[in-house]
Enquirer: 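Quick one: the structure is below, questions incoming.
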Amino acid sequence: MVVLSQPALDFSLIKTCKSTTSSFNGIPVIDLSSPNAKNLLVKACEEFGFFKVVNHGVPMEFMTKLEAEAIKFFDLPQSDKDKAGPPDPFGYGNKRIGPNGDVGWIEYLLFSTNPQFISHKSISIFRENPEIFRCAVNDYVSAVKRVACEVLELIAEGLKIQPRNAFSKLLRDEKSDSFFRLNHYPPCPELLQALSGRNLVGFGEHTDPQIISVLKSNDTTGLQIAMKDGTWVSVPPDTNSFFINVGDSLQVLTNGRFRSVKHRVLADSMKSRVSMIYFGGPPLSEKMSPLPSVMKEGEESLYKEFTWCEYKMSAYKTRLADNRLGLFEKT
Ligand code: GA4
């Protein structure tokens, strides 16, 4: 008889946290077709730095096609997936996040949305199904980028900022440094017993460095956001909507009026979670400082001057949970 042994689990690649299960029903839901959307968006960005958008106009087909392609990729034998890694930062990653020792119960594909940065690894990523997978990513990214720009334009209107495209032009710029990520959080039934009252961390707590992030997931729980008082609440999944995060850069552009939301993902023990996230960032050379029109008379910037390139380089020297913006606050 042949006994197939399970690959031994490397516990240095496992991170747990205290279980928190309270599902939160207070996430702002913004109907993009409503005339009041701009004011509700501003309120949500100030209070939570997080909200859900409905009536976004993206055909469901774009999401289902890409999700199916992502699942096909994550179903490949490990040795095939490894050919698209390790992430530098783009490519396939497994359990290791970023370059400084962060780990999570996750595997992922990270892409640049800028064709200038497409690395040779994308050839391995798309190898199995080159045209279908590549088109599914391109269609999806173009559609969510439109949603992100529409949201940013409504926000500019709500804040009475002129011109209306003050934020969105940073994402529309051909040099915009935006990322796209496909995440797979595998189930972990056999680990569950060993955890006794703790949860497996899929993606540890962090804020996103960019301007805005647009997330879509399958129907599996796991995403949590931190409230202003630091308590964690679970975001009920919704496959038809997008969840949007304020990133560190939007916090700076609004001189702290908007909050870059701390969030994390806990692995679901029984079901696999698939998520796709577009991170809208500015061009590398962009100076990140509060827009003059958000400043009240006499108000000073809370931050030192820096370019997006400087911020990103600094971010890649930090650990996930670090307060990255703290290094750029005026003392
Ligand atoms: C968090 C947001 C995005 O997923 C990401 C992440 C990036 C990475 O996975 O390569 C970082 C992380 C993120 C912030 C700090 C650094 C960089 C891992 C890490 C430890 C793609 C991004 O832009 O910043």
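The analysis underlying the following values was restricted to heavy atoms, covering all of them including side chains, and did not include hydrogens, waters or symmetry mates.
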Enquirer: Is the centre of the Phe73 ring less than 6.0 Å from the centre of the Tyr92 ring?
Expert: yes

Enquirer: Using atom types as modelled and distance alone, determine if a side-chain donor or acceptor of Thr318 lies under 3.5 Å from a backbone N or O of Asp322.
Expert: no

Enquirer: Report all side-chain donor-acceptor pairs from residues 280-299 shorter than 3.5 Å, counting only partners two or more places apart or in another chain.
Expert:
from: Glu299; atom 1: OE1; to: Lys296; atom 2: N; distance (Å): 2.9
from: Glu299; atom 1: OE2; to: Asn255; atom 2: ND2; distance (Å): 2.7

Enquirer: I'd like to know if Asp80 pairs up with Lys83 as an ion pair, taking the criterion as any Lys NZ or Arg NE/NH1/NH2 lying under 4.0 Å from an Asp or Glu carboxylate oxygen.
Expert: yes

Enquirer: State whether the side chain of Arg172 and the backbone N or O of Lys145 hold a donor-acceptor pair below 3.5 Å, judged by distance alone.
Expert: no

Enquirer: Under a 3.5 Å cutoff, is there a donor and acceptor pairing between the side chains of Asp229 and Thr231?
Expert: yes

Enquirer: For His56, enumerate each residue passing the ring-ring contact (aromatic ring centres under 6.0 Å, His included) test, keeping only those at least two apart in sequence or located in another chain.
Expert: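 ring-ring contact (aromatic ring centres under 6.0 Å, His included) check on His56 returns Phe242.
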
Enquirer: CD1 of Ile244 to CZ of Phe51: how many Å apart, nearest 0.5 Å?
Expert: 4.5 Å

Enquirer: In chain order, what residues pass the side-chain contact (heavy atoms from CB on, under 4.5 Å) check against Ser260, with sequence neighbours excluded?
Expert: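 Listed in chain order: Thr207, Asp248, Gln251.
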
Enquirer: Checking the side chain of Ser314 only, and the main-chain atoms of Glu310 only, is there a donor and an acceptor separated by less than 3.5 Å?
Expert: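 Flag not set: sc Ser314 to bb Glu310 has no pair under 3.5 Å.
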
Enquirer: Quick one: is the NZ or CZ of Lys95 closer than 6.0 Å to the six-membered ring centre of Trp105, and within 45° of its axis?
Expert: yes

Enquirer: Does the pair Glu46/Arg257 count as a salt bridge with the N-to-O cut at 4.0 Å?
Expert: yes

Enquirer: Under 3.5 Å, side chain of Asp238 to main-chain N/O of Asn240, donor-acceptor pair present?
Expert: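 Checking the backbone N and O of Asn240 against the side chain of Asp238, a donor-acceptor pair under 3.5 Å is found.
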
Enquirer: For the side chain of Ser249 and the backbone of Pro209, is there at least one donor-acceptor N/O pair under 3.5 Å apart?
Expert: yes

Enquirer: Are Phe306 and Tyr311 an aromatic pair by the rule of ring centers under 6.0 Å?
Expert: yes

Enquirer: The criterion is salt bridge (charged side-chain N to carboxylate O under 4.0 Å, His left out); which residues satisfy it with Glu47, sequence neighbours excluded?
Expert: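 Listed in chain order: Lys43.
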
Enquirer: Could you tell me whether the side chains of Gln224 and Ser234 share a donor-acceptor contact shorter than 3.5 Å?
Expert: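 Result is yes, a qualifying pair exists.
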
Enquirer: For the residue pair Arg273 / Thr220, report whether a side-chain donor-acceptor contact shorter than 3.5 Å exists.
Expert: no

Enquirer: Under the rule for salt bridge (charged side-chain N to carboxylate O under 4.0 Å, His left out), what residues qualify as partners of Glu305, not counting sequence neighbours?
Expert: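 For Glu305 there are no salt bridge (charged side-chain N to carboxylate O under 4.0 Å, His left out) partners, ignoring immediate neighbours.
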
Enquirer: Supply the members, apart from Met313, of the Ile/Leu/Val/Met/Phe/Trp/Tyr cluster built from side-chain contacts under 4.5 Å; use none for a lone residue.
Expert: none

Enquirer: So, Tyr140 versus Phe180, ring centres under 6.0 angstrom or not?
Expert: yes

Enquirer: How many angstroms lie between CZ in Arg259 and CG in Leu250, if you round to the nearest 0.5 Å?
Expert: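 Separation between the atoms: 13.0 Å.
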
Enquirer: Taking the six-membered ring for Trp and the single ring otherwise, decide whether the centroids of Phe111 and Phe90 are under 6.0 Å apart.
Expert: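 Aromatic pair excluded; centres sit 6.0 Å or further apart.
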
Enquirer: Would you mind checking if Lys65 and Glu61 are paired as a salt bridge, meaning a charged N to carboxylate O distance below 4.0 Å?
Expert: yes

Enquirer: Strictly distance-based, threshold 3.5 Å: is any side-chain N or O of Lys52 a donor or acceptor partner for the main-chain N or O of Pro28?
Expert: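 Not confirmed, Lys52 side chain does not pair with Pro28 backbone.
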
